[in-house]
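Structure, as structure tokens:
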Amino acid sequence: SQQGEEDPQALSIQEGENATMNCSYKTSINNLQWYRQNSGRGLVHLILIRSNEREKHSGRLRVTLDTSKKSSSLLITASRAADTASYFCATEDRGSTLGRLYFGRGTQLTVWP
Amino acid sequence: KAGVTQTPRYLIKTRGQQVTLSCSPISGHRSVSWYQQTPGQGLQFLFEYFSETQRNKGNFPGRFSGRQFSNSRSEMNVSTLELGDSALYLCASRKSGPGGANVLTFGAGSRLTVL
């Protein structure tokens, strides 16, 4: 399977703490994206990092990418109860023009007030 | 602008029946893709359409089919439903054509329960 794998599967923290989620994948990629899903709803795109980038920031989000280890991490700083959701990494195969993404199984983040 | 609209949001069918799900992409988005989400398998790619042509297909049996209309709206059909087809079916659209950045905008999904 080309699916990525997130780690941990579940993460429970207090408001104000930082949350770190990791993603490993198997193939060479064009880019890696992170999406968020609130319970039973659609996914929302958070951030995209290209294969030639090592780190990217967007608001309270920080994403790193290590293509040699085929891994990425998503850091959410100063978490809020509203950040409670499932977070998925998704990869696009290198050279692909067909628009298919491979999603991991997700990390369920719970932020307690 | 309106987001990706999926209908119906919830539906219950029995084994052997068929179902058609509809997706209206964001205005101006020509690419529509479908994913199946289950607790056991996670998000699995079904197919992608661009300009009414299926460009990519995932590893699903022929019971799963789809199409796209000239206004970019898409439908997917599942025939001879099985219990294992119970899932959240997600439609996503993107603006870029082939080779463009593949950032997807998802609909809220259609929750299918097969009894």
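In the text below, chain A, chain B and the rest are named by the order of the sequence lines, each starting its count at 1. The basis for the numbers below is simple: all heavy atoms, side chains too, and nothing from hydrogens, waters or symmetry mates.
Taking CD of B/E75 as the reference point, atom OG of B/S65 lies at 9.5 Å (rounded to 0.5 Å).
Residue pairs that meet the disulfide (SG to SG under 2.5 Å) test with at least one member in residues 17-74 of chain B, sequence neighbours left out, are B/C23-B/C91.
Residues A/T64 and A/S73 have side chains that bring a donor and an acceptor to within less than 3.5 angstrom of each other. For the residue pair B/Q41 / B/T38, no side-chain donor-acceptor distance below 3.5 Å is found, with atom types taken as modelled. Between A/S86 and A/Q108, the side chains place a donor N or O and an acceptor N or O closer than 3.5 Å (distance only, hydrogens not considered).
Only the side chain of B/L88 comes within contact range of chain A, with at least one heavy atom under 4.5 Å from a heavy atom of that chain. For B/Q6, no part lies near chain A; criterion is any non-hydrogen pair under 4.5 Å. Only the side chain of B/Y35 comes within contact range of chain A, with at least one heavy atom under 4.5 Å from a heavy atom of that chain.
Listed by sequence position, B/F106, B/G107, B/A108, B/R111 are the residues of residues 105-114 of chain B in contact with chain A, using a 4.5 angstrom heavy-atom cutoff.
Applying the side-chain contact (heavy atoms from CB on, under 4.5 Å) test between B/P25 and each of B/S74, B/S72, B/S33, B/S31 identifies B/S72 as the sole match.
With respect to B/D85 and B/K13, no salt bridge is recorded, no charged nitrogen being found less than 4.0 Å from a carboxylate O.
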